Amino acid sequence: MADDLVLELRNIVKTFPGVRALDQARFELRAGEVHALVGENGAGKTTLMNVIAGVHQPDEGQIFLNGAPVRLRNPLDAGRKGIGVVFQELSLAPSLSIAENIFANRQPTRGLNLIDWPALHEQTRELLNLFELTADPRTPVRNLSVAQRQVVEILKAMSHNPRVLILDEPTSSLTAPETRLLFQNIRRLKARGIAFIYISHHLPEIFQIADRVTVMRDGRYVDTIPIADATEDLLIRRMVGRELSNVYGRRVNPVGEPYFSVSNASRAGAFRDISLELRRGEILGIAGLVGAGRTELGRSIAGIEPPDRGRIVLEGRELRLSSPAAAIGEGIGYLTEDRKEQGLFLRMSIRDNCVAPSFGRFAFLGLMRDAAVRDAALAGCRRFNIVATSIHQAVGNLSGGNQQKVLLSMWTGIRPRVLIVDEPTRGVDVGARGEIYALLRELAARGVGIIMISSDLQEILGLSDRVMVMRAGRIVAEMDAARASEEGIIAAASGVELN
């Protein structure tokens with residue numbers, strides 16, 4: 001079926017200082033197919049995508065479009081040749097509106113080359129309707145949630161009508177209903193002959209949408225498998241080169257007594273009358289659709305946006321959490337869903353990031369004890385298996401999984417009594433996910449209560465002891481994880497009664 005190949009890469013080599021990111025890598029894409037690309041962080045997926053997108057030039061190898069050799073000089077050149085990309089790290093302009101972001105530099109115009117604003121907004125509404133979004137096209141992107149920004153990024157790429165569309169972790173911030181709509185639109189575009197390269201760490205969705213899957217490891221091509229012949233176990237073995245069982249782990253200690261509670265907490269426009277109780281060593285999962293108020297609740301408990309009213313009690317003592325510093329002082333940590341924008345200091349070193357929330361522990365008479373900081377950073381790298389050249393490497397140069405582990409190291413450094421983790425494995429490969437789950441289990445075994453906010457229902461069910469579901473700023477259901485199901489959680493989150 002070589003005659004239907006729309007894209008082919010042969011023996012691609014790409015080397016960065018000290019790293020051979022791609023080593024004789026190859027990939028092929030047929031017209032009208034969804035070809036998944038999987039592998040652990042550092043396998044070379046992103047580098048290969050950047051070669052196709054014109055971001056990087058290969059050192060060796062050839063690229064063919066519709067059978068003809070091409071050189072993709074830059075992203076603009078790739079776009080002109082019909083290649084669109086939705087990057088995992090969003091590339092939107094926060095101060096511009098949804099419409100201005102989607103149609104940047106190609107807005108409809110009228111006389112005197114003026115922007116036709118009514119036409120621009122109408123075209124934007126048509127695209128938003130694909131995801132059943134009712135947002136005003138004039139809304140600044142900075143006012144959108146992370147998930148809504150992800151949708152805008154996808155719509156921006158789709159609006160170019162590309163022949164090849166690369167989707168890098170497109171569902172990492174989407175809920176189940178939004179993912180369903182994305183897949184509907186992929187199938188619609190696929191029927192028109194558009195080909196997709198689908199990069200994802202979330203293997204179950206690969207089986208829902210892909211026709212074939214290619215596995216990479218250590219910058220090399222491993223295998224291409226028709227999805228009908230693939231299983232999760234087979235893909236994991238190909239990805240990691242070893243067996244990987246029971247990724248969620250099991251509880252080894254019984255849950256303790258209640259020691260932390262939130263009572264009748266409300267914050268205008270975010271959530272209302274929230275009451276919850278957390279036990280020592282418990283992992284409490286909080287599920288819900290985008291806009292349900294989950295993240296806002298977590299941020300309030302962490303003192304970032306304190307509630308307007310309500311009580312927060314830790315070990316019998318009411319807390320006044322007016323700031324993140326106050327929460328940290330009480331042993332309450334918050335691992336944000338957006339590690340790039342809100343969680344890490346990307347230009348700073350692993351060393352500095354690891355101790356950022358707990359600098360006070362390393363000061364003496366106003367001076368930093370550098371040896372103690374170094375030892376703490378080294379201990380964090382060992383404990384969390386952070387792969388880096390040294391503790392002085394900039395966090396922005398690490399893989400997504402290693403960045404997430406730095407974030408965990410930061411917050412365990414405050415010696416938390418309560419830890420809130422918001423989308424703890426967003427954009428993280430299956431191997432690193434297992435490590436992060438093991439670390440959360442370890443914290444729970446030490447008596448730390450964990451509030452886990454996640455859109456990944458398998459993660460919620462696999463890790464939680466108890467599940468609470470939020471809808472429209474309220475808690476609408478609570479269930480023991482052993483009796484919970486994906487269907488029950490989705491029904492509660494969307495307000496649908498199961499028959």
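Keep in mind that what you see is a predicted model, and the values were worked out from it rather than measured.
- At distances below 3.5 Å, at least one donor-acceptor pair connects side-chain atoms of Ser275 with backbone N or O atoms of Asn264.
- Interatomic distance, CD1 of Ile286 versus CE of Met468, reported as 7.0 Å (0.5 Å rounding).
- Taking both residues in full, the closest heavy atoms of Phe103 and Ser159 are given as CE2-CB, 4.4 Å, listed atom of the first, atom of the second, then distance.
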Q: Walk me through it: do Arg466 and Glu282 pass the test salt bridge (Lys or Arg N to Asp or Glu O under 4.0 Å)?
A: CA-CA 8 Å; Arg466 199 160 41 99; Glu282 180 182 34; 2.7 Å; yes

(Q) Working note: Thr336 + Ile304, criterion side-chain contact (heavy atoms from CB on, under 4.5 Å); need CA distance, chi angles, decisive distance, verdict. (A) CA-CA 11 Å; Thr336 176; Ile304 300 168; over 6 Å; no

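- The backbone N or O of Ala327 sits nowhere less than 3.5 Å from a side-chain atom of Tyr334 that would complete a donor-acceptor pair.
- Between Ser464 and Met452, the shortest heavy-atom contact is OG-CE, 3.6 Å.
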**Q.** Audit row: Leu37, Tyr198, side-chain contact (heavy atoms from CB on, under 4.5 Å) steps and yes/no
**A.** CA-CA 6 Å; Leu37 182 60; Tyr198 193 94; over 6 Å; no

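- A heavy-atom distance below 4.5 Å is found between the side chains of Leu181 and Gln184.
- Met239 has its side chain out of reach of Met216: every pair of non-hydrogen atoms, C-beta onward, lies at least 4.5 Å apart.
- Arg294 is listed as a side-chain neighbour of Glu423, based on a closest heavy-atom distance under 4.5 Å.
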(Q) Determine whether Leu235 and Val213 satisfy the following criterion, side-chain contact (heavy atoms from CB on, under 4.5 Å), listing intermediate values before the conclusion. (A) CA-CA 9 Å; Leu235 293 182; Val213 55; 3.8 Å; yes

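- In terms of modelled atom types and a separation under 3.5 Å, the side chain of Arg471 and the main chain of Gly288 share no donor-acceptor contact.
- Closest non-hydrogen pair, Ala444 versus Arg251, comes out as CB-NH2, 4.3 Å.
- Among the candidates Asp422, Ile420, Val421, the single residue satisfying the side-chain contact (heavy atoms from CB on, under 4.5 Å) test with Pro424 is Val421.
- Between the side chain of Arg187 and the backbone N or O of Leu182, no donor-acceptor pair lies under 3.5 Å.
- A salt bridge does not link Glu296 with Arg267: every distance from a Lys NZ or Arg NE/NH1/NH2 to an Asp or Glu carboxylate oxygen is 4.0 Å or more.
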Q: Given side-chain hydrogen bond (donor to acceptor under 3.5 Å, both in side chains), test Glu459 with Thr425 step by step and report yes or no.
A: CA-CA 9 Å; Glu459 182 170 85; Thr425 59; 2.4 Å; yes

Q.
Apply side-chain hydrogen bond (donor to acceptor under 3.5 Å, both in side chains) to residues Gln342 and Arg299 and explain how you reach the verdict.
A. CA-CA 12 Å; Gln342 301 173 7; Arg299 289 170 63 86; 3.3 Å; yes

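- Summarising the geometry of Ala230 relative to Phe207, their closest heavy-atom pair is O-CE2, 3.3 Å, with the distance given to 0.1 Å.
- Counting only residues at least two apart or in different chains, side chain to side chain donor-acceptor pair (under 3.5 Å) contacts with residues 306-325 comprise Ser266-Arg309, Asp273-Arg309, Arg280-Glu315, Arg311-Glu318, Glu315-Arg417, Arg317-Glu330, Glu318-Arg320.
- Here the side chains of Phe183 and Gln208 are in contact, with some heavy-atom distance below 4.5 Å.
- Between Glu232 and Ile206, every side-chain heavy-atom pair lies at or beyond the 4.5 Å cut-off.
- Here the straight-line distance linking atom CG of Asn129 with atom OG1 of Thr124 works out to 11.0 Å at 0.5 Å rounding.
- For the side-chain contact (heavy atoms from CB on, under 4.5 Å) criterion with Glu153, the lone passing option out of Leu92, Asn101, Asp168 is Leu92.
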Q.
Working note: Arg433 + Asp456, criterion salt bridge (Lys or Arg N to Asp or Glu O under 4.0 Å); need CA distance, chi angles, decisive distance, verdict.
A. CA-CA 12 Å; Arg433 276 177 179 241; Asp456 184 335; 3.0 Å; yes

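- Counting all heavy atoms, side chain and backbone alike, Val85 lies closest to Ala157 at O-CB, 4.0 Å.
- In the displayed structure, Arg106 atom CZ is contacted under 6.0 Å by more than 12 heavy atoms of other residues, nucleotides or ligands.
- For Glu122 and Arg125, the salt-bridge test passes: some basic side-chain N is under 4.0 Å from an acidic carboxylate O.
- Arg339 places no side-chain N or O within donor-acceptor distance of the main-chain N or O of Leu407, the cut-off being under 3.5 Å.
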Q. Given the rule in the side-chain contact (heavy atoms from CB on, under 4.5 Å) test, do Leu276 and Leu297 qualify, once you have shown the distances and angles that lead to the verdict?
A. CA-CA 11 Å; Leu276 62 84; Leu297 175 62; 4.1 Å; yes

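- For the pair Asp136 and Ile98, the tightest heavy-atom approach, listed with the atom from each and the gap, is O-CD1, 3.6 Å.
- Side chain of Asp211 to main chain of Val34: a donor-acceptor pair is present (N/O by atom type, distance under 3.5 Å, no hydrogens or angles).
- Of the possible donor and acceptor atoms, none in the side chain of Asp116 sits under 3.5 Å from a partner among the backbone N and O of Pro108.
- Considering only heavy atoms from C-beta on, Val38 stays 4.5 Å or farther from Ile199 through its side chain.
- Listed for the Asn143 side chain is no donor-acceptor partner under 3.5 Å among the backbone atoms of Thr139.
- Interatomic distance, OG1 of Thr412 versus CZ of Arg415, reported as 10.5 Å (0.5 Å rounding).
- Expressed to the nearest 0.5 Å, how far OH of Tyr248 lies from CG of Leu463 amounts to 8.5 Å.
- Looking at Gln393, its side chain never comes within 3.5 Å of a backbone N or O of Ser349 through a donor-acceptor pair.
- The neighbour count for Arg383 CZ, taken as heavy atoms of other residues, nucleotides or ligands under 6.0 Å away, is above 12.
- Inter-residue side-chain proximity for Arg142 and Leu96 is flagged as unmet; no heavy-atom pair is nearer than 4.5 Å.
- Glu205 and Ser200 share a donor-acceptor pair across their side chains, judged by distance under 3.5 Å alone.
- Between the side chain of Lys405 and the backbone N or O of Asn385 there is at least one donor-acceptor pair closer than 3.5 Å.
- How far CG of Leu167 is from CG of Leu165: 4.5 Å, rounded to the nearest 0.5 Å.
- With rounding to the nearest 0.5 angstrom, the CG atom of Asn161 is 6.5 Å from the CD1 atom of Ile194.
- For Arg138, the CZ atom counts as loosely surrounded, since its 6.0 Å shell holds 12 or fewer non-hydrogen atoms of other residues, nucleotides or ligands.
- Side-chain contact between Ile209 and Phe196 is absent, with no heavy atoms from C-beta onward closer than 4.5 Å.
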